[in-house]
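As structure tokens, the structure follows; a few thoughts come after it.
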Amino acid sequence: MATPRFFSSVPLEPNQTIELPQELAHHALRVLRLKPGTDIVLFDGRGGQYCAQLTAEGKKGYAQTGDHQTTEAELPGEIILAQGLPSGDKMDWVIEKAVELGATRIVPIAAQRSVLQLSGERLAKRMRHWERIAQSASEQCGRNRIMHIDEPRPLSAYLAGTELAAQLTLLCHPGAGQSLEAALVQHTASRIALLVGPEGGWSEEEQAAAIRPPIQAVRFGSRVLRTETAGLALMAAIAALKGWL
């Protein structure tokens, strides 16, 4: 049985007894029913991890940490997914799987054809929900860093950022003349961003704004992929083609 792994929102230090955050303690002691003395692994998102031993006192949970271990499971390069907000809870799936595939960042795009619209308290609640999904996915897949999730923004706001000059940005489009593999062969970029539209794709206005240098449109196969599939499939293909696995 694999050693249980937990993300700690409290910064960790080696060889210390720490009180676990309430939510973590509840999950370990009440949900998973781990016994005091159980060996666990803790990480705080700053890199590396700590072997620790779980203890309890009443409803509170504690852990005695060991030495810091520099274990990492990150890709050699960076993959950023700018995902047009899909309907329902599809973004939950995208975030979970993007963490597993090694993405460093997700930028939710409030596209013109996005059904889901977020603002105010609803946005804040959804951001907390997404962050918990990313943390849980990191616990499961062995990553010791947490994928960053930006607040949703229009595509125009993302395209106006200065980061485009420092990365290879690819617009996923089934009608593009260039394949993903061809685009990657021409560039040695270690930071790649993918622009994936929502259900219904990008609007004509958004396509006109995005299909311009330095952004390149690419296709992936002869089939039209769903919005929640496209970015994940492309990330897996990029990691394989770049030898980042």
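Computed from a predicted model, the values in this text were never measured in an experiment. For this chain, numbers begin at 1 and follow the sequence in order. Reckoned from all heavy atoms, side chains included, excluding hydrogens, waters and symmetry mates.
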With E163 via salt bridge (Lys or Arg N to Asp or Glu O under 4.0 Å) - residues at least two apart = R105
inquiry  = The criterion is salt bridge (Lys or Arg N to Asp or Glu O under 4.0 Å); which residues satisfy it with K97, sequence neighbours excluded?
reply    = E100
ask   = Going by heavy atoms in the side chains, are W93 and P86 under 4.5 Å from each other?
value = no
inquiry  = Atom CD of residue position E74 - does it have more than 12 heavy atoms of other residues, nucleotides or ligands inside 6.0 Å?
reply    = yes
query = Between the main-chain N or O of I80 and the side-chain N or O of R191, is there a donor-acceptor pair closer than 3.5 Å?
reply = no
remark   = dist M147:CE -> I79:CD1 (nearest 0.5 Å) comes out at 12.0 Å
request  = Could you list the residues that satisfy side chain to side chain donor-acceptor pair (under 3.5 Å) with S203, not counting sequence neighbours?
outcome  = Q112, E206
Side chain to side chain, I106 and W130, heavy atoms closer than 4.5 Å = no
inquiry  = Can you list everything that forms a ring pair (Phe, Tyr, Trp, His ring centres under 6.0 Å) with F7? Sequence neighbours excluded, please.
reply    = F43
query = Tracing side-chain links under 4.5 Å among I, L, V, M, F, W and Y, which residues wind up in one group with V224?
reply = none
query = Do L75 and T104 pass the side-chain contact (heavy atoms from CB on, under 4.5 Å) test, and can you show the C-alpha distance, the side-chain angles, and the key distance before you say yes or no?
reply = CA-CA 9 Å; L75 298 178; T104 55; over 6 Å; no
Student check: side-chain heavy atoms of S8 and P21 closer than 4.5 Å = yes
inquiry  = Within this structure, what is the CZ-CG distance for the pair R132 and D92, rounded to the nearest 0.5 Å?
reply    = 10.5 Å
query = Which pairs pass side-chain hydrogen bond (donor to acceptor under 3.5 Å, both in side chains) with one or both residues in residues 226-245, sequence neighbours excluded?
reply = Q83-T227
request  = State, to 0.1 Å, how close A82 and L195 come at their nearest heavy-atom pair, and which atoms those are.
outcome  = CB-CD2, 3.4 Å
query = Does a donor on one side chain and an acceptor on the other come within less than 3.5 Å for Q69 and Q49?
reply = yes
request  = Supply the atom-to-atom distance L225 CG to R223 CZ, rounded to the nearest 0.5 angstrom.
outcome  = 7.0 Å
ask   = Which pair of heavy atoms, one from D67 and one from P14, lies closest together, and at what distance?
value = CA-CB, 4.2 Å
inquiry  = Would you say that H173 contacts V218 through its side chain, given a criterion of any heavy-atom pair below 4.5 Å between the two side chains?
reply    = no
inquiry  = Once side-chain contact (heavy atoms from CB on, under 4.5 Å) is applied, do any residues pair with A237, and if so which ones, sequence neighbours excluded?
reply    = L180, F220
query = CZ/F6 to OG/S138 distance, rounded to the nearest 0.5 angstrom?
reply = 14.5 Å
key: Cluster overlap V41 with L34, hydrophobic side-chain contacts below 4.5 Å   = no
request  = Can you see which heavy atom on G45 is nearest to which on I146, and at what distance?
outcome  = CA-CG1, 4.2 Å
CZ-CD1 distance between R153 and I109, expressed to the nearest 0.5 angstrom = 6.5 Å
message = Any carboxylate oxygen within less than 4.0 angstrom of a Lys/Arg side-chain nitrogen, looking at E199 and R113?
response = no
inquiry  = What I'd like to find out is whether the side chain of P198 reaches to under 4.5 Å of the side chain of V115, using heavy atoms alone.
reply    = no
request  = Can you tell me which residue pairs pass the side-chain hydrogen bond (donor to acceptor under 3.5 Å, both in side chains) test with a partner in residues 26-42, sequence neighbours excluded?
outcome  = none
Sub-4.5 Å side-chain heavy-atom contact between L234 and L81 = no
ask   = Should M91 and W202 be regarded as members of a common hydrophobic cluster, given that ILVMFWY residues are connected when their side-chain heavy atoms come within less than 4.5 Å of each other, either directly or indirectly?
value = no
request  = List the steps and the verdict of side-chain contact (heavy atoms from CB on, under 4.5 Å) for T65 and E13.
outcome  = CA-CA 7 Å; T65 62; E13 298 294 339; 5.8 Å; no
request  = Evaluate the side-chain contact (heavy atoms from CB on, under 4.5 Å) criterion for residues Q117 and L85: first the C-alpha distance (whole Å), next the side-chain angles of each, then the deciding distance (0.1 Å), finally the verdict.
outcome  = CA-CA 8 Å; Q117 299 294 327; L85 279 172; over 6 Å; no
query = Minimum heavy-atom separation for M127 to P152, with atom names?
reply = SD-CD, 4.1 Å
Counterpart residues, side-chain contact (heavy atoms from CB on, under 4.5 Å), relative to V185 (two or more places apart) = E181
Heavy-atom pair with the smallest gap, counting every atom of A230 and V196 = CB-CG1, 4.1 Å
inquiry  = Between L241 and L168, is there shared hydrophobic-cluster membership here, with clusters defined by ILVMFWY side-chain heavy atoms closer than 4.5 Å?
reply    = yes
task = Decide whether Q216 and Q186 meet the rule of one side-chain donor and one side-chain acceptor closer than 3.5 Å.
result = no
query = Partners of R128 by salt bridge (Lys or Arg N to Asp or Glu O under 4.0 Å), sequence neighbours excluded?
reply = E121
message = E19: which residues meet the side chain to side chain donor-acceptor pair (under 3.5 Å) condition with it, sequence neighbours left out?
response = none
query = If you measure from CD1 on I192 to CD on Q167, what distance do you get to the nearest 0.5 Å?
reply = 9.5 Å
task = Quick one: list whatever passes salt bridge (Lys or Arg N to Asp or Glu O under 4.0 Å) with R145, sequence neighbours left out.
result = E72
query = What do you reckon, is CD of E205 surrounded by more than 12 foreign heavy atoms closer than 6.0 Å?
reply = no
key: Non-hydrogen side-chain atoms of L42 and I18 separated by less than 4.5 Å   = yes
inquiry  = The test is side-chain contact (heavy atoms from CB on, under 4.5 Å); show your working for K125 and R122 and say whether it passes.
reply    = CA-CA 5 Å; K125 183 177 180 181; R122 189 182 180 202; 5.8 Å; no
query = Looking at side-chain heavy atoms only, is the closest gap between L54 and L20 below 4.5 Å?
reply = yes
